[in-house]
Colleague: 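Quick one: the structure is below, and I'll ask about it shortly.
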Protein chains: 2
Amino acid sequence: MAQDRFATLNREPTHVVLAVVVQIRGGRLQTLLWQRAREPDAGRWSLPGGVLGAAESLEASIRRHLAAKVDVAELSHLEQLQTLSEPDRHPDERQIATAYLGLVPSDADPSLPADTAWHAIDALPPLAFDHQGIVQAARDRLRAKLSYTNIGFAIAPAQFTLAELRDLYAAALGRAVTATNLQRILVRRHLLEPLAEHRAPTSAGGRPARLFRFVHRSLEITDEFAVLRPRS
Amino acid sequence: MAQDRFATLNREPTHVVLAVVVQIRGGRLQTLLWQRAREPDAGRWSLPGGVLGAAESLEASIRRHLAAKVDVAELSHLEQLQTLSEPDRHPDERQIATAYLGLVPSDADPSLPADTAWHAIDALPPLAFDHQGIVQAARDRLRAKLSYTNIGFAIAPAQFTLAELRDLYAAALGRAVTATNLQRILVRRHLLEPLAEHRAPTSAGGRPARLFRFVHRSLEITDEFAVLRPRS
DNA sequence: GCAAAAGTGTTGTGTCTACACCCATGT
DNA sequence: ACATGGGTGTAGACACAACACTTTTGC
């Protein structure tokens, strides 16, 4: 295949890697954006990333580029989203872009360079190029996976109360979630396990909340084939 | 981003596009493979595809390359799977590959070139490069989407009996499926609609089977957010 | 005691699997 | 008539949402 030749320009397009780095901050789903200094689209916010190196994989590349913006050790999960290739997606040159979804636990607070900031996904500024659609795809992917995988581990701290986890799920899903049912679903599926410790109540009083943690801290499919599956 | 420079070789890798073209033939899930004529991996079976052109999108490119193997009009569905980028995935040169999943309805029988043939996915020959894993990913994607989308339209003919559809689902899922429950699930979700016509029984007798068709013939999510969703 | 927050019990509903039973045709 | 394959009825299991109720704390 590599030897095939056909009658088009032989110049390879530039391959860039982008990431939608998502964290729940202040009860809202937010993503990391970087303000472009140069044309095209100077001044516009865009997804962090950069050009793929000659000897690195896409995942290694996005980790390398993100390291300039955040502490990569804070990334609890990273997965490939899609590759964009419309010939006119970049005004100046032919550019292929592979987008990743990265998740940061809600208790991390990485320091950021001056040109980089968190933005709420439901109130984004105008974004450069086709980045708006990539962010929406990332949000949809996260929402879907909250339903059939254990991906909650990647947005939550190592330990948390159910009320805290409920707020994280509610922020990610964009709708109210009850702690009661959330607990039953996640415990029934063996995603969540209770710890012996409790969290002391605030000055407002209330019963001390039990702490929980996710059983596994890497992605697992927990509800495969919802339908057309035999009982046993 | 495009202007960024860093201390690696500036030569862009070759970008190829591959497709796992899937059809159910003879009650088995099969995929289209092409026998490599040249080194590396000469003689090995590999996924059809080719080099991305300078002015085309990935999807346009895979359609163009597939046109050399099958009648592209037979493709009922085409979606991007993933992009592979391990630096050593090709022995001779740096190569990025974007893989697609293509579906062909079971009643199509496209004519094929001499170097191309259908192979049952559960009994593949050794494949070139990392193509084995791509085929598995394609199969898993199809199986999952049969549960929560209307993707059945893409493996089925325009009209079919429930017994025929059951056999297609069974072949794709790799497990027994009952026509009774399949009908109820798909009719309840308004994916399937009955037609007035019936199919005449064979010489073996039996009640004439009603014909059905899919309501929509493009991909739709039909069972989003199985969990944590209010009763509405 | 009372407010506040966490946690449990329980009921009802909808979706699915499984299986028995009925229907329509050819020979 | 009876074999063959298509189609329907129905019961039971299960997972889930909803909500009332109980528990444990601070003030």
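So you know, we letter chains A, B, ... as the sequences are listed, proteins then strands, and number each from 1.
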Colleague: With sequence neighbours excluded, give me every salt bridge (charged side-chain N to carboxylate O under 4.0 Å, His left out) pair touching residues 111-130 of chain B.
Modeller: B:R28-B:D122, B:K69-B:D115, B:R89-B:D130
Colleague: Does OP1 or OP2 of D:dC16 have a side-chain N or O of A:R188 closer than 4.0 Å?
Modeller: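 Answer yes for this pair, as a side-chain N or O of A:R188 is under 4.0 Å from OP1 or OP2.
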Colleague: For nucleotides 7-14 of chain D, give me one character per nucleotide, 5' to 3': B if any protein heavy atom sits under 4.0 Å from the base, S if the only such contacts are to the sugar-phosphate, - if neither.
Modeller: SBBB-BB-
Colleague: Quick one: how far along DNA chain C does chain A reach, first to last nucleotide 5' to 3', anything under 4.0 Å to a heavy atom?
Modeller: C:dA4 to C:dA18
Colleague: Considering non-hydrogen atoms only, spot the tightest contact between A:H131 and A:L47 and give its length.
Modeller: ND1-N, 3.0 Å
Colleague: Less than 4.0 angstrom between a side-chain N/O of A:R189 and OP1 or OP2 of D:dC16, yes or no?
Modeller: yes
Colleague: For B:R166, give me all partners under side chain to side chain donor-acceptor pair (under 3.5 Å), at least two apart in sequence or on another chain.
Modeller: none
Colleague: For residues 166-202 of chain B, which residue pairs qualify under ring pair (Phe, Tyr, Trp, His ring centres under 6.0 Å), counting only residues two or more places apart or in two chains?
Modeller: none
Colleague: Taking the six-membered ring for Trp, are A:F214 and A:F160 ring centroids under 6.0 Å apart?
Modeller: yes
Colleague: What residues form a side-chain contact (heavy atoms from CB on, under 4.5 Å) with A:S76, not counting sequence neighbours?
Modeller: A:L103, A:P105, A:A154
Colleague: With distance as the sole criterion, is a donor-acceptor pair present between the side chains of A:T149 and A:T222 under 3.5 Å?
Modeller: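 Side chains of A:T149 and A:T222: no pair found under 3.5 Å.
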Colleague: State plainly whether the residues A:K145 and A:E79 are in salt-bridge range, i.e. N to O under 4.0 Å.
Modeller: yes
